[in-house]
Amino acid sequence: MSRPVVTRFAPSPTGYLHIGGARTALFNWLYARGRGGKFLLRIEDTDRERSTPEATAAILQGLAWLGLDWDGEVVSQFDRKDRHAEVAHEMLARGTAYKCFATAAEIAAFREAESAKGVSYPVFLSPWRDADPATHPDAPFAIRMKAPRSGDTVIDDQVQGHVTIQNATLDDMIVLRSDGVPTYMLAVVVDDHDMGVTHVIRGDDHLNNAARQAMVYDAMGWDIPVWAHIPLIFGPDGKKLSKRHGAVGVHEYQAMGYPAAGMRNYLTRLGWAHGDAEFFTDQQARAWFDLAGIGRAPARLDFKKLENICGQHIAAADDAALLHEIVAYRAAAGLEALTGGQENGLLRAMYCLKDRAKTLPELLEKAEFVLASRPISRDEAAQKALDPVSRGILHELTPRLQNVSWSKENLESILTGTATAHGLNFGKMAAPLRSALAGRMVTPSVYDMMLVIGQIETIARLEDAAA
RNA sequence: GGCCCGUUCGUCUAUCGGUUAGGACACCAGGUUUUCAACCUGGUAAGAGGGGUUCGACUCCCCUACGGGCUGCCA
């Protein structure tokens with residue numbers, strides 16, 4: 001009985017990929033990928049005024065960054081307008097739609113008159129619904145769906161449950177405009193049907209529309225897909241997400257240095273739960289994701305939790321993969337590309353870097369010791385750590401490091417030995433060492449730094465600092 | 001205005017009529033420590049309000065409040 005799952009993401013190309021849209025795409029992707037199904041992409045570009053190729057490119061880029069791959073070609077809704085019109089005419093032929101000659105001005109006048117009379121819900125009832133074709137004028141007409149005027153339409157939604165909408169509150173929606181251009185309400189249904197979409201997972205701003213769309217499916221005798229209307233995402237203050245909240249486009253999250261795996265995990269968990277699972281891999285997400293686990297209330301963005309999750313993913317990431325992600329991040333953030341030497345250094349240092357950073361820029365900050373080259377520039381705190389006494393100790397240290405085999409054990413005994421000789425605990429001595437080696441005070445362990453940059457470079461930097 | 005949806009710790013959530021309402025992030029206190037990150041121990045903290053139904057409601061029903069959505073020849 002179970003047909004293969006086909007889901008889709010259908011953004012309109014009027015801007016960047018919104019974080020909420022990204023989550024919708026992610027849910028669709030997870031659902032399909034977890035079931036061996038297909039995940040399709042359709043660009044709803046029928047609004048020629050607002051659609052731009054740049055926006056389409058931005059959306060594709062955003063999906064690519066998040067690692068959401070789609071099956072087949074990207075479908076352009078605009079390209080399918082002839083098919084939409086064909087369906088509208090078929091509805092006409094079936095008698096489930098009719099020609100309406102009412103002009104926009106007439107409809108506007110009707111609404112105005114109705115609200116003036118105090119009617120709170122002016123549903124426009126076209127006088128042409130049951131008109132004799134013989135009375136049709138030779139004028140432009142729109143095609144309206146002949147919707148049921150009584151009774152209820154029940155949407156069986158996987159997230160919202162059974163939602164009942166009274167048909168009397170719905171007007172006969174236009175499926176084909178008088179200029180022959182199909183409306184969105186018709187196009188979605190035709191496209192979803194033609195593309196074989198079995199599960200429609202989308203924002204709950206479409207919940208009410210689902211009733212009208214169900215009518216189109218019925219009018220054409222098509223199977224209604226499984227519906228799942230998911231709540232929107234709110235800003236940290238519980239208000240609708242908008243630009244004043246800061247980052248709303250996924251590209252901004254990339255530029256802030258959140259790893260894609262962390263974003264996927266966080267976004268999956270936002271509005272969906274699988275028991276107490278908080279941190280999980282893509283494999284687990286695909287295996288666990290289901291419609292039943294989706295919550296009904298809008299969720300707020302929480303950057304602290306995003307960071308925490310991202311930190312765990314950075315720590316768990318493969319070194320080479322992490323390096324690639326860092327390279328991409330720097331490009332996205334408009335930072336200078338790393339040199340080959342810096343990349344190699346990063347790779348060697350990754351083991352002591354990745355479990356101390358929650359974001360990529362934080363990792364890079366702590367990697368300064370391997371990214372910088374002599375002479376090491378020091379920030380203010382690092383300069384303060386190099387007082388005369390400290391310099392003296394560094395100076396005294398270098399010969400001891402000269403003829404030693406470079407291992408953590410040896411370094412440990414030399415450094416702690418020197419510290420105790422001066423009546424210092426190791427913490428006191430680590431400060432000038434950090435300053436000398438990295439030029440800053442927030443770094444990996446001093447042993448790790450020395451091991452990574454090597455004996456010669458270590459001694460050179462200590463001598464520089466002691467001078 | 002009408003219709004539709006929603007409401008558990010600050011936040012994300014678990015619970016699917018019977019629990020001392022659990023976990024995670026954040027926060028606070030203490031510990032560890034080589035800075036940061038991390039880690040260990042403990043702690044503060046929730047069913048919007050009001051009615052029902054029931055032996056028993058966070059859970060089912062109704063009302064109110066608040067939030068959101070839809071109400072276009074926009075998508």
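Applying the ring-ring contact (aromatic ring centres under 6.0 Å, His included) rule to Phe78(A) yields no partners; only residues at least two apart in sequence or on another chain are considered.
The side chain of Asn209(A) has C70(B) as its nearest neighbour among C70(B), C4(B), C25(B). Set against U7(B), G69(B), C74(B), the side chain of Leu232(A) has G69(B) as its closest nucleotide. Of the candidate nucleotides C25(B), G68(B), C74(B), C25(B) has the atom nearest to the side chain of Lys305(A). Listed candidates were C36(B), U35(B), C74(B). Nearest to the side chain of Arg434(A) is U35(B). When the nucleotides U7(B), G72(B), A37(B) are ranked by their closest atom to the side chain of Asp171(A), G72(B) comes out on top. Among C73(B), U13(B), C4(B), the nucleotide with an atom closest to any side-chain atom of Ile165(A) is C4(B).
Across all strands shown, nothing is found opposite U32(B) as a Watson-Crick or G-U wobble partner with both distances under 3.5 Å. The partner of G6(B) is C66(B), by the rule that a Watson-Crick or G-U pair needs both atom distances under 3.5 Å. Under the Watson-Crick or G-U wobble criterion, with both distances below 3.5 Å, A75(B) has no partner in any strand shown. When both pairing distances are held under 3.5 Å, C27(B) makes a Watson-Crick or G-U pair with G43(B). Under the Watson-Crick or G-U wobble criterion, with both distances below 3.5 Å, U20(B) has no partner in any strand shown.
Taking atom CZ of residue Arg296(A) and atom P of nucleotide U15(B), one finds them 9 Å apart after rounding to whole Å. The interatomic distance linking Tyr447(A) (OH) with U35(B) (P) rounds to 12 Å, in whole Å. Atom CD1 of Ile314(A) is separated from atom P of A38(B) by 12 Å (rounded to the nearest Å). One can place CG of Leu241(A) at 12 Å from P of G69(B), the figure rounded to the nearest angstrom. Atom CD of Glu368(A) is separated from atom C1' of U35(B) by 15 Å (rounded to the nearest Å).
The residue Ser12(A) sits close only to the backbone: its heavy atoms come under 4.0 Å of sugar-phosphate atoms, none of a base. Counting any heavy atom pair closer than 4.0 Å across all strands shown, Lys428(A) reaches no nucleic acid atom. Using a 4.0 Å heavy-atom criterion, one finds that Arg111(A) contacts the sugar-phosphate atoms exclusively. Residue Gly295(A) is out of contact with every strand shown, counting any heavy-atom pair closer than 4.0 Å.
Residues Phe280(A) and His274(A) keep their aromatic ring centres 6.0 Å or farther apart. Trp70(A) and Phe39(A) have their aromatic ring centers separated by at least 6.0 angstrom. In this structure, Phe289(A) has its ring center under 6.0 Å from that of Phe27(A).
Contact annotation: Lys240(A) side-chain N/O to G69(B) OP1/OP2 distance is under 4.0 Å. Contact annotation: Arg269(A) does not reach the phosphate of C12(B) (side-chain N/O to OP1 or OP2, under 4.0 Å). In this structure, Thr46(A) reaches the A75(B) phosphate: one of its side-chain N or O atoms is under 4.0 Å from OP1 or OP2. In terms of phosphate contacts, Arg212(A) brings no side-chain nitrogen or oxygen within less than 4.0 Å of OP1 or OP2 of C4(B).
Within the structure, salt bridge (Lys or Arg N to Asp or Glu O under 4.0 Å) pairs that include any residue of residues 357-369 of chain A comprise Glu362(A)-Lys366(A) (at least two apart or interchain).
Each of Leu306(A) and Cys100(A) lies near RNA chain B, and the nucleotide nearest Leu306(A) is the one positioned closer to the 5' end. Mapping Arg356(A) and Ile309(A) onto RNA chain B by nearest heavy atom places Ile309(A) at the nucleotide closer to the 5' end.
Going from atom CE of Met449(A) over to atom CG of Leu437(A) covers 5.0 Å, rounded to the nearest 0.5 Å.
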